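Below is the structure I would like to discuss, written out as structure tokens.
Worth knowing before you read on, the calculation uses all heavy atoms, side chains too, and leaves out hydrogens, waters and symmetry mates. Position 1 is the first residue of the sequence; numbering continues from there. Quick caveat, the model's predicted, so the values are computed rather than measured.
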Amino acid sequence: MAWFLFMDESGHDRVASPYEVLAGIAIRDSVLWDLIRSLHDSELRFFGRRYSDGHRELKGSLLLKSKVFHHEALNAEVAEADIPTLARAALDDGSGADVRMLKALALAKLRYVASVFDTCAELGCHAFASMIETDAQPTAGGGLRKDYAYVFERFFYFLEDQSAREQGIVVFDELEKSKSHLLIDQTHRYFSETAVGQHRSRSIVPEPFFVHSDLTTGVQVADLIAYVISWGFRTAQMTKPARGELAGYAQQVARLRYRTTRNRMGNPNFEIWSFAHITDLRTRSEREVDVA
């Protein structure tokens with residue numbers, strides 16, 4: 001048995017997005033095909049066709065952007081039964097779409113996203129994420145970045161908690177070739193050359209896989225999660241404004257988190273969530289030098 005952790009990023013331009021997010025969705029191998037089929041069926045049910053056919057991607061920046069919510073609020077009558085037909089017409093002829101088509105397409109997008117998170121919850125999937133402040137100090141070291149290490153740590157704890165010994169397989173959205181090679185090298189060195197990485201390699205396969213996001217449903221789900229976290233999910237420590245219209249989706253994503261406990265700092269029941277908020281990417285030694 002194995003768990004696939006499909007991962008993607010949001011807000012890494014550090015310009016428009018309130019948080020830089022690395023997110024993943026853990027899906028058990030035995031339900032992976034069920035999830036894929038369910039989400040494909042949801043596309044047909046809401047859009048009247050596969051939205052992702054051709055050049056379109058099921059990305060948060062397309063399905064949940066502010067313009068979609070403006071179109072949802074258009075003053076036009078759209079019956080529930082007419083949404084798939086009108087949404088399909090809007091997709092097939094975007095330039096000729098009328099007000100009803102635009103509203104139907106917006107409704108289809110929003111309902112599809114809600115169905116994605118509902119399906120993940122029904123199939124026992126779990127979300128993992130690192131949320132980074134956009135002004136976080138970067139590390140000067142060449143090792144694996146803290147946001148990746150935190151996600152791997154939480155994923156390892158999750159695998160440890162499973163009743164049977166199960167392997168974790170990490171799947172990334174393919175980056176530019178040189179960046180993919182760099183991430184593979186950093187991940188390999190983390191799992192083979194650091195004590196904590198060697199320990200975690202008992203459960204996590206040290207070499208990640210890279211896929212095209214437009215062809216891989218799991219990565220598309222991770223993208224939706226990353227987008228909702230950046231723009232809508234907040235903890236008490238995350239003070240950037242959130243988009244109110246994403247509140248319902250943020251609640252759905254929050255329910256996908258995984259909670260565990262470990263013995264930390266003398267507390268045998270120290271609470272650890274699968275989402276980590278990061279304010280500084282520097283290593284401890286880098287921070288100590290800066291203070292000195």
Side-chain angles (χ1 to χ4, degrees), residues 2-14 17 19-29 31-33 35-36 39 52 57-62 116 120 125-132 138-139 141-159 166-194 196-197 200-230 253 256-258 274-276 278 281:
W3 286 82
F4 288 92
L5 182 66
F6 294 94
M7 301 189 68
D8 203 2
E9 302 171 333
S10 180
H12 277 60
D13 56 1
R14 292 199 171 191
S17 301
Y19 289 94
E20 182 178 354
V21 178
L22 175 69
I25 184 71
I27 308 170
R28 198 173 206 153
D29 58 357
V31 304
L32 178 57
W33 181 234
L35 182 137
I36 292 170
L39 298 191
S52 53
E57 282 193 64
L58 291 159
K59 295 179 67 67
S61 58
L62 297 175
V116 170
C120 288
C125 304
H126 291 284
F128 296 78
S130 289
M131 299 92 69
I132 310 166
T139 179
L144 188 69
R145 259 179 45 157
K146 187 183 292 185
D147 50 336
Y148 288 90
Y150 273 38
V151 169
F152 289 158
E153 175 191 63
R154 269 58 172 184
F155 187 41
F156 173 75
Y157 290 157
F158 167 75
L159 293 169
E166 295 176 304
Q167 287 287 296
I169 300 169
V170 180
V171 184
F172 284 113
D173 180 20
E174 186 171 11
L175 307 167
E176 177 209 294
K177 184 99 32 196
S178 62
K179 291 182 179 179
S180 295
H181 281 297
L182 177 62
L183 183 54
I184 288 176
D185 179 63
Q186 291 175 339
T187 303
H188 178 73
R189 286 192 285 114
Y190 168 78
F191 282 114
S192 63
E193 297 178 8
T194 69
V196 68
R200 291 171 185 165
S201 69
R202 298 183 306 171
S203 298
I204 302 175
V205 176
E207 184 172 290
F209 292 87
F210 286 85
V211 297
H212 291 292
S213 62
D214 59 331
L215 303 175
T216 309
T217 302
V219 173
Q220 293 169 4
V221 175
D223 173 87
L224 290 174
I225 291 171
Y227 186 88
V228 169
I229 292 173
S230 180
V253 168
L256 294 175
R257 291 178 297 170
Y258 181 73
S274 59
F275 287 11
I278 300 173
L281 289 167

Are side-chain heavy atoms of Val196 and Tyr190 found at a separation under 4.5 Å?
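SC-SC contact between Val196 and Tyr190 confirmed.
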What I'd like to find out is whether the side chain of Phe275 reaches to under 4.5 Å of the side chain of Val253, using heavy atoms alone.
yes
Between Arg145 and Glu9, does any side-chain N to carboxylate O distance fall below 4.0 Å?
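No, no charged N to carboxylate O under 4.0 Å.
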Which atom of Ile169 lies closest to which atom of Ala2, heavy atoms considered
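Answer, listing the atom of Ile169 first, then Ala2: CD1-CB, 4.2 Å.
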Check: Ser213 main-chain N/O paired with Glu174 side-chain donor or acceptor under 3.5 Å
no
Side-chain contact test, heavy atoms from C-beta onward, threshold under 4.5 Å: evaluate it for Leu58 versus Leu224 and give yes or no.
no
Donor-acceptor under 3.5 Å (Ser274 side chain, Ala127 main chain):
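Yes: the side chain of Ser274 pairs with the backbone of Ala127.
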Rounded to the nearest 0.5 Å, what separation is found between the CG atom of Asp147 and the CG atom of Leu22?
5.0 Å
Kindly compute the distance separating OH (Tyr150) from CD1 (Ile278), expressed to the nearest 0.5 Å.
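If we round to the nearest 0.5 Å, Tyr150:OH and Ile278:CD1 are 6.0 Å apart.
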Can you measure from CD1 (Ile36) to CD (Gln220) and round to the nearest 0.5 angstrom?
10.0 Å
Atom pair CH2 (Trp3) and OG (Ser203), whose distance is rounded to the nearest 0.5 Å:
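Answer for the CH2-OG pair, Trp3 versus Ser203, is 13.5 Å.
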Tyr258 and His126 aromatic ring geometry - parallel, tilted or perpendicular at 30°/60° bounds:
perpendicular
Side-chain contact, heavy-atom cut-off 4.5 Å: Tyr148 with Ser130?
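No, their side chains stay 4.5 Å or more apart.
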Distance from Leu159 atom CG to Arg200 atom CZ, nearest 0.5 Å?
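Rounded to the nearest 0.5 Å, the CG-CZ separation comes to 11.5 Å.
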Kindly check if the number of other-residue, nucleotide or ligand heavy atoms within 6.0 Å of CD (Glu207) is above 12?
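No - once you tally the heavy atoms of other residues, nucleotides and ligands closer than 6.0 Å, there are 12 at most.
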Give a yes or no on whether the ring-centroid distance for Phe191 and Phe152 is below 6.0 angstrom.
yes
Measuring only between side-chain heavy atoms, which start at C-beta, is Gln167 closer than 4.5 Å to Val205?
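Gln167 reaches Val205 side chain to side chain.
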Side chains of Ile184 and Phe210: closer than 4.5 Å at any heavy-atom pair?
yes
Among Asp223, Val151, Ile25, the one residue meeting side chain to side chain contact (heavy atoms under 4.5 Å, CB included) with Met7:
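Checked Asp223, Val151, Ile25 against Met7; only one passes side chain to side chain contact (heavy atoms under 4.5 Å, CB included): Val151.
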Side-chain contact, heavy-atom cut-off 4.5 Å: Phe158 with Arg154?
no
So, do Val221 and Leu39 sit near enough that their side-chain heavy atoms are less than 4.5 Å apart?
yes
Donor-acceptor pair, side chain of Asp8 and main chain of Ala222, under 3.5 angstrom:
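No, the answer is negative, given that no donor and acceptor are paired below the 3.5 Å cut-off.
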Please give me the minimum heavy-atom distance between Pro206 and Thr187, naming the atom from each residue.
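Heavy-atom minimum between the residues: O-CG2, 3.3 Å.
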Shortest non-hydrogen contact between Ser230 and Tyr19, atoms and distance:
OG-O, 2.8 Å
Donor-acceptor pair, distance only, cut-off 3.5 Å: does the side chain of Thr216 make one with the backbone of Val219?
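Checked: no pair found.
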Spacing of Ile204 atom CD1 and Leu5 atom CG [to the nearest 0.5 Å]:
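It is 8.0 Å, given to the nearest 0.5 Å.
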Do you know the tightest heavy-atom contact between Ile229 and Ala129?
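Closest approach of Ile229 to Ala129: CD1-CB, 3.5 Å.
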